[in-house]
Amino acid sequence: MRTMWLQRCGPMSWTALRADLASAGSDCAWSDFGGFHFAPADALPEVVPSTTHLWAWDTARAVRVRIDVDRALVACLNNSPPAGVVTEEAHVRERAGHPWSANDEHVGRPDVPLPQDEFTLLELTGATRAVFVRQP
């Protein structure tokens with residue numbers, strides 16, 4: 001169990017989200033009708049992909065994005081409390097996660113080779129049970 005700081009960023013346009021993630025040098029993962037995708041934020045599609053969630057991470061934070069038609073509902077888990085931003089202390093359980101097992105056919109394989117095929121799942125404990133993702 002570790003302590004991180006949850007920031008509820010709220011709704012953002014897809015354009016604003018892409019710019020924010022790219023400026024932080026984030027990597028992103030999402031799954032859509034075309035399969036599983038992994039890309040740096042500056043290579044995200046220009047239009048909102050047909051997906052419900054996107055996960056992004058950089059050295060300072062993990063980002064969880066819920067896609068709602070043409071906007072993104074965004075929350076960040078920060079390694080340390082960012083200055084000038086409202087956050088709340090969050091207790092987080094870390095565990096290893098894999099995008100799929102070898103015989104899973106529910107989601108397509110990655111469009112590019114993953115740098116690692118393991119992810120770290122950051123699970124909030126308490127009333128809000130959201131899961132954030134990052135690569136170790």
Side-chain angles (χ1 to χ4, degrees):
M1 193 80 65
R2 70 182 275 198
T3 300
M4 296 181 80
W5 285 263
L6 178 63
Q7 176 186 357
R8 300 172 194 268
C9 306
M12 296 176 79
S13 70
W14 181 249
T15 302
L17 174 67
R18 286 178 68 233
D20 176 73
L21 295 174
S23 70
S26 301
D27 287 316
C28 306
W30 72 98
S31 181
D32 61 20
F33 295 122
F36 184 83
H37 307 280
F38 174 82
D42 59 5
L44 282 170
E46 298 262 340
V47 296
V48 181
S50 297
T51 189
T52 58
H53 288 82
L54 176 138
W55 295 271
W57 55 91
D58 53 61
T59 57
R61 66 186 181 166
V63 181
R64 183 178 191 273
V65 179
R66 168 77 167 102
I67 305 295
D68 186 17
V69 186
D70 62 347
R71 68 181 182 155
L73 302 173
V74 183
C76 299
L77 260 183
N78 299 283
N79 294 333
S80 59
V85 176
V86 175
T87 61
E88 59 188 87
E89 193 173 284
H91 299 285
V92 177
R93 180 180 303 114
E94 291 184 69
R95 66 181 177 91
H98 301 276
W100 52 81
S101 66
N103 60 356
D104 188 349
E105 296 179 6
H106 291 266
V107 67
R109 297 299 185 235
D111 54 346
V112 296
L114 298 175
Q116 302 172 36
D117 66 351
E118 186 173 289
F119 291 84
T120 298
L121 303 179
L122 304 167
E123 300 174 331
L124 296 179
T125 62
T128 305
R129 296 277 181 160
V131 175
F132 291 74
V133 177
R134 71 166 24 142
Q135 283 197 298

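To the nearest 0.5 angstrom, E88 atom CD is 12.5 Å from W5 atom CH2. In this structure, CE on M1 lies 10.5 Å from CD on E94, to the nearest 0.5 angstrom. From R93, atom CZ reaches atom CZ of R129 across 6.5 Å, with rounding to the nearest 0.5 Å. For the atom pair CZ of R8 and SG of C76, the computed distance is 12.0 Å after rounding to the nearest 0.5 Å. The CZ atom of R64 lies 12.0 Å from the CG atom of L122; values are rounded to the nearest 0.5 Å. The distance from atom OG1 of T52 to atom CD1 of I67, rounded to the nearest 0.5 Å, is 8.5 Å.
Taking each heavy atom of E89 and T3 in turn, the nearest pair found is CG-CG2, 3.2 Å. Taking each heavy atom of N79 and T59 in turn, the nearest pair found is ND2-O, 2.7 Å. In terms of heavy-atom proximity, L54 sits nearest to W14 at CD1-CH2, 4.0 Å. Taking all atoms of both residues into account, the shortest heavy-atom contact from S26 to D58 is OG-OD2, 3.1 Å. Of all non-hydrogen atoms in F132 and A62, the two that sit nearest each other are CD2-O, 3.6 Å. Closest non-hydrogen pair, T87 versus P81, comes out as OG1-CB, 4.4 Å.
Here the side chains of D20 and M12 are in contact, with some heavy-atom distance below 4.5 Å.
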For a quick test of your reading: what N or O donor-acceptor pairs under 3.5 Å do the side chains of residues 38-50 make, sequence neighbours left out?
none

Inset, instruction - Please lay out, stage by stage, how L124 and L77 fare under the test side-chain contact (heavy atoms from CB on, under 4.5 Å). - result: CA-CA 9 Å; L124 296 179; L77 260 183; 3.8 Å; yes
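Under the 4.5 Å side-chain heavy-atom criterion for ILVMFWY residues, no single connected hydrophobic cluster contains both L21 and L73.
Within the 3.5 Å criterion, the main-chain N or O of R61 finds a donor-acceptor partner in the side chain of R134. Panel note: side chain T51, backbone S31; a donor-acceptor pair is recorded below 3.5 Å.
Judged as a salt bridge (Lys or Arg N to Asp or Glu O under 4.0 Å), and not counting sequence neighbours, R66 has no contacts.
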